[in-house]
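Bear in mind the structure is a predicted one, so any value in this text is a computation, not a measurement.
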Amino acid sequence: MENAGRPTHIVTAREAGLIGCTHCGRVHPLDTRVCTRCGAHLSPRSEASLQRVWAWWIAGLVVYIPANLYPMLRTASLGKTLENTILGGVIELMRHGDYGVAIIVFVASIVIPVAKFIAIAYLALSVSHRVRLSAHKRHILFEVVEFIGRWSMIDVFVVAILSSLVRLDFAATISPGIAAVSFAMSVAFTMLAALSFDSRLIWDAGAAVAREKKKERSLG
């Protein structure tokens, strides 16, 4: 019970002289170049992946701004044209009593994208800075961000479906606005940012912090 009360040091695959496949998860000796299970190319940690993460993150943020400022949907009815932004559409839905749909659109189009931007930036910064979350919790956060990305397109799907179904010439016509393109690009860019992030850097950073803490305890 010598280590009771002290955090257990987790040995990473890199410290054990192993390399893991990012596709199927199987570990191999460090000098292996091709996964023996799935045939994928094995590569060590790439510090350049953070540059790609920030490049896609900034691109996604740039196109997300006009996605909220310009109309997402144009509705032409009996010669009158109504344009709605994402937030304006949410307010309009609530005005008509569709609170459930309004909440879904608000969460999928505003809350989730903003949370993704914050989460990706936090994960990228946590590689080079000390953070309070453990490596395990940060990895879970990364998996959530990667999984939830596909559901951010719900607004674009709704616009596409309405645009294809409602085509009544002069009586009523629905067409997507420029914000729909910007929003779709923003979702795609943030997904690419998450996919560019090498999650193994999280464990390397966690191991480095653990070594620093161990050194501080030994010196103290």
Side-chain angles (χ1 to χ4, degrees), residues 1-61 108 112-153 185-220:
M1 303 298 291
E2 184 178 350
N3 295 325
R6 294 185 180 180
T8 304
H9 173 61
I10 299 176
V11 178
T12 63
R14 192 179 197 179
E15 292 176 327
L18 301 170
I19 184 171
C21 177
T22 56
H23 293 268
C24 68
R26 184 167 185 173
V27 293
H28 305 77
L30 199 57
D31 57 350
T32 308
R33 290 294 172 260
V34 179
C35 178
T36 56
R37 175 186 289 170
C38 65
H41 176 70
L42 301 177
S43 60
R45 278 74 161 162
S46 175
E47 298 293 341
S49 67
L50 289 179
Q51 298 177 4
R52 293 192 293 270
V53 170
W54 284 116
W56 289 121
W57 186 89
I58 292 171
L61 183 62
I112 290 179
V114 172
K116 279 176 60 181
F117 280 117
I118 295 173
I120 293 172
Y122 174 82
L123 289 172
L125 291 172
S126 70
V127 172
S128 54
H129 297 78
R130 278 196 179 189
V131 292
R132 299 185 65 179
L133 282 181
S134 64
H136 178 65
K137 291 181 179 178
R138 276 181 283 157
H139 189 79
I140 292 176
L141 177 62
F142 169 74
E143 294 291 341
V144 170
V145 169
E146 197 174 31
F147 171 79
I148 209 170
R150 69 199 72 176
W151 300 105
S152 303
M153 281 285 196
M185 291 175 63
S186 176
V187 173
F189 289 158
T190 52
M191 289 177 68
L192 288 170
L195 290 173
S196 299
F197 185 76
D198 191 343
S199 60
R200 294 174 296 181
L201 296 174
I202 295 175
W203 300 100
D204 290 343
V209 171
R211 286 194 298 269
E212 289 180 10
K213 289 182 178 179
K214 185 177 180 180
K215 184 178 180 180
E216 290 174 359
R217 286 197 301 267
S218 62
L219 293 175

**Asked** Is it true that atom CH2 of W56 has more than 12 heavy atoms of other residues, nucleotides or ligands lying nearer than 6.0 Å?
**Response** no

**Prompt:** Residues two or more places apart in sequence or in another chain: which of them pass side-chain contact (heavy atoms from CB on, under 4.5 Å) with L195?
**Reply:** E146

**Prompt:** Can you list the residues that meet the side-chain hydrogen bond (donor to acceptor under 3.5 Å, both in side chains) rule with S134, with sequence neighbours excluded?
**Reply:** none

**Request:** Please say which of M191, R52, Q51 ends up in a side-chain contact (heavy atoms from CB on, under 4.5 Å) with S196.
**Result:** R52

**Prompt:** Do I120 and F197 have side chains that get closer than 4.5 Å, going by heavy atoms?
**Reply:** no

**Item:** Residues which pass side-chain contact (heavy atoms from CB on, under 4.5 Å) with A124, listed by chain and number, not counting sequence neighbours
**Value:** L50, V53, W54

**Beyond-backbone contact of S186 with P113, side-chain heavy atoms, under 4.5 angstrom** = no

**Message:** Could you work out, with side-chain contact (heavy atoms from CB on, under 4.5 Å) as the rule, every residue matching V34, not counting sequence neighbours?
**Reply:** none

**Fill in**
When rounded to the nearest 0.5 Å, the distance separating CD1 of I112 from CZ of F117 is 13.0 Å

**Request:** Return the set of residues passing side-chain hydrogen bond (donor to acceptor under 3.5 Å, both in side chains) with T190 (not counting sequence neighbours), or none when no residue passes.
**Result:** K116

